[in-house]
Structures are given as structure tokens and as C-alpha cells.
Amino acid sequence: MSSVSAGPGRPRLVEQRRRGDTARDEILDAAGELFTTRGYSGTSTRMIAEAVGIRQASLYHHFKTKDDILEALLQNTVARALATAQQLREAVGEPALERLQSLARFDAAQLAGSRWNLGALYLLPELRTERFAEFRQARTDLARIYAALAGEVLGDPDDPRRHLPFRLVESVISMRSDEMAGALGADSLHEMVDLLVDTIALVLK
């Protein structure tokens, strides 16, 4: 079988078969599919490399361990939402409810529209270890901004309902699983996201 160059000294086994502008992106795409369909523990770096069409040694050029791949995937699920949340938190003059719903719409659409349902990885027991402390902190920071904005809407920073918007948005993760299993029936996930954003205003009344 002829090989195609994937960089100096790193021949690709086959023509590009994964999405991505770089080999790193292709590795993440393959890992995202395998982690969410076969399970994290059931996926090896060799399997990921084969799914991309590169040698296992080439994969290690981009990621030293499988944990490194998982961390990169997880950070991708939260980084843009956190940056958006920080901007909206500081936006002066716009009503808190509008800022909160803008954040929820962005975050939920991202979770619903990603190629693989990576949010399903949030429950992995591996994430409790120190290795993933940075990701856990980023997700905690995002939840705190949701709560702060909801507290502004409620007029009470200690109202327990302030935690609900973040949890509602993350319900998109299970909705994706339901949609794949046909449990949503004729309803589309994107329609559910719109309803979810509207519901935030109702639960904070």
C-alpha cells in the first residue's frame, strides 16, 4: 500500500479520511468518534491512529498520551463558551436575562452542533483525577458565570434557582443521545435548544 506524506518523516498510510486542517485536528476527530461510540477505556491510541490513517508513532508526535487527547477534546467543549460567558458577564447596559439567554443559546448550540457528542464524556471517572483539574476548573468557572447572571435576573445572588440555567443547557448532552436513539420522535434537537433558552426566563420568574 502506498503512503501519502503527513509531514517530514511521518508518512500517512492512506489518503486523508478524517475532518481537519491538520493531523492534530484529524486525530481529535477520530478520537471524538471512538471515545463517544466505543468508550474511553475501550479505545486505544493504536485504534485512533488507524482511524486517521497514520502510524501510532506519528500520533505520539502530537499527543504523548490518550489522556492528552481527551483533555484537548474536553477543553474544546468549554473554551469558547467560557470566553463568551466572560464577555457577556462584563457587558454593561444589556439586561441580565438577555445576556444569560445569549450565553445559553451559544453554549447549547455548540453542544448540539458539535460533530460528536463530547459532552457525554463529562461523566467519565477519569475526569475526577488531578490530570483533568484544569478542565474541571474551566467548567466550574463557566457554571459560576451562569449562576451570577441568573442571580442578577432573580435579584438575589443566593437564590438556589441560579444554578438551573447551566443544568438546563447541559441537558442538551442527554438530548443528543435521545435524538440518536430516536427518543425525541419528530422533534429536532435544534428546536429543543430554542425551547430550552425560552424556558430559562420561565424558571427564573
Side-chain angles (χ1 to χ4, degrees), residues 19-22 24-25 27-29 31-33 35-36 68-124 127 131-179 187-205:
R19 290 187 183 180
D21 295 329
T22 66
R24 186 179 189 278
D25 291 339
I27 291 167
L28 290 175
D29 181 62
E33 178 179 17
F35 290 168
T36 55
D68 289 342
I69 300 174
L70 177 59
E71 181 179 40
L73 286 171
L74 292 170
Q75 288 290 1
N76 286 346
T77 70
V78 75
R80 288 193 300 153
L82 181 56
T84 299
Q86 290 166 337
Q87 292 174 357
L88 289 168
R89 181 73 178 90
E90 301 302 324
V92 178
E94 186 177 346
L97 179 58
E98 290 184 14
R99 286 181 285 150
L100 177 59
Q101 288 183 307
S102 293
L103 171 57
R105 184 173 288 105
F106 177 89
D107 197 8
Q110 176 182 253
L111 291 170
S114 61
R115 182 159 157 80
W116 311 112
N117 190 15
L118 299 177
L121 303 175
Y122 290 173
L123 298 179
L124 286 174
L127 268 59
R131 176 68 181 77
F132 297 98
E134 185 176 347
F135 164 72
R136 292 200 309 274
Q137 185 60 56
R139 188 161 170 252
T140 296
D141 291 343
L142 177 60
R144 285 175 176 166
I145 295 176
Y146 268 98
L149 288 171
E152 287 186 45
V153 176
L154 292 162
D156 180 357
D158 297 320
D159 191 311
R161 287 176 293 168
R162 72 190 185 278
H163 299 297
L164 293 178
F166 180 68
R167 298 304 172 189
L168 281 170
V169 168
E170 290 213 330
S171 70
V172 168
I173 297 166
S174 60
M175 281 190 235
R176 276 196 74 166
S177 297
D178 287 344
E179 184 181 52
D187 298 313
S188 76
L189 182 57
H190 293 288
E191 289 173 337
M192 298 299 290
V193 167
D194 290 338
L195 289 171
L196 183 152
V197 173
D198 292 339
T199 299
I200 288 175
L202 298 177
V203 300
L204 297 182
K205 280 187 176 180

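In this text, all values refer to a predicted model and were calculated from it rather than measured experimentally.
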Please report the closest heavy-atom contact between [X] and [Y], naming both atoms and the distance.
X: Ser102; Y: Glu94; result: OG-OE2, 4.2 Å
X: Leu103; Y: Ala81; result: CD1-O, 3.8 Å
X: Leu154; Y: Leu204; result: CD2-O, 3.2 Å
X: Arg161; Y: Val203; result: CD-O, 3.5 Å
X: Asn117; Y: Ser177; result: ND2-OG, 3.4 Å
X: Gln110; Y: Thr77; result: NE2-O, 3.0 Å

[Y] side chain reached by [X] side chain, heavy atoms, under 4.5 Å:
X: Leu124; Y: Phe35; answer: no
X: Arg80; Y: Phe106; answer: yes
X: Pro157; Y: Glu152; answer: no
X: Asp29; Y: Glu33; answer: no
X: Arg176; Y: Ser114; answer: yes
X: Ile27; Y: Ile69; answer: yes
X: Ile200; Y: Leu100; answer: yes
X: Tyr146; Y: Val169; answer: yes

Self-check item: Residues that Asp156 engages under side chain to side chain contact (heavy atoms under 4.5 Å, CB included), provided they are two or more places apart
Solution: Asp158, Asp159
Practice problem: Would you please test Ser171 and Met192 for side chain to side chain contact (heavy atoms under 4.5 Å, CB included) and show each step? | Solution: CA-CA 10 Å; Ser171 70; Met192 298 299 290; over 6 Å; no
Practice problem: Assess whether atom CD of Glu134 is packed by more than 12 heavy atoms of other residues, nucleotides or ligands within 6.0 Å. | Solution: no
Quiz item: Who passes salt bridge (charged side-chain N to carboxylate O under 4.0 Å, His left out) against Arg105, sequence neighbours left out?
Solution: none
Pairwise distance [atom1]([X]) to [atom2]([Y]) - rounded to 0.5 angstrom:
X: Gln101; Y: Thr199; atom1: CD; atom2: OG1; value: 9.5 Å
X: Arg89; Y: Asp141; atom1: CZ; atom2: CG; value: 12.5 Å
X: His163; Y: Leu168; atom1: NE2; atom2: CG; value: 13.0 Å
X: Leu121; Y: Trp116; atom1: CG; atom2: CH2; value: 12.5 Å

Quiz item: Are Glu170 and Arg139 within salt-bridge range, i.e. N to O under 4.0 Å?
Solution: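 Between Arg139 and Glu170 there is a salt bridge, with a charged N closer than 4.0 Å to a carboxylate O.
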Self-check item: Arg162 (side chain) donor-acceptor with Gly151 (main chain) under 3.5 angstrom
Solution: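 No, because the side chain of Arg162 does not come within donor-acceptor range (under 3.5 Å) of the backbone of Gly151.
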Exercise. Would you sort out whether Asp107 and Thr84 count as a side chain to side chain contact (heavy atoms under 4.5 Å, CB included), showing the intermediate values?
Key: CA-CA 9 Å; Asp107 197 8; Thr84 299; over 6 Å; no
Quiz prompt | Tyr122 ring center within less than 6.0 Å of Phe132 ring center | solution = no
Quiz item: Are Ile145 and Leu82 close enough, and set up right, to give a side chain to side chain contact (heavy atoms under 4.5 Å, CB included), and what steps lead you there?
Solution: CA-CA 9 Å; Ile145 295 176; Leu82 181 56; 4.1 Å; yes
Quiz item: Please walk me through it: do Leu74 and Leu127 pass side chain to side chain contact (heavy atoms under 4.5 Å, CB included)?
Solution: CA-CA 10 Å; Leu74 292 170; Leu127 268 59; 3.8 Å; yes
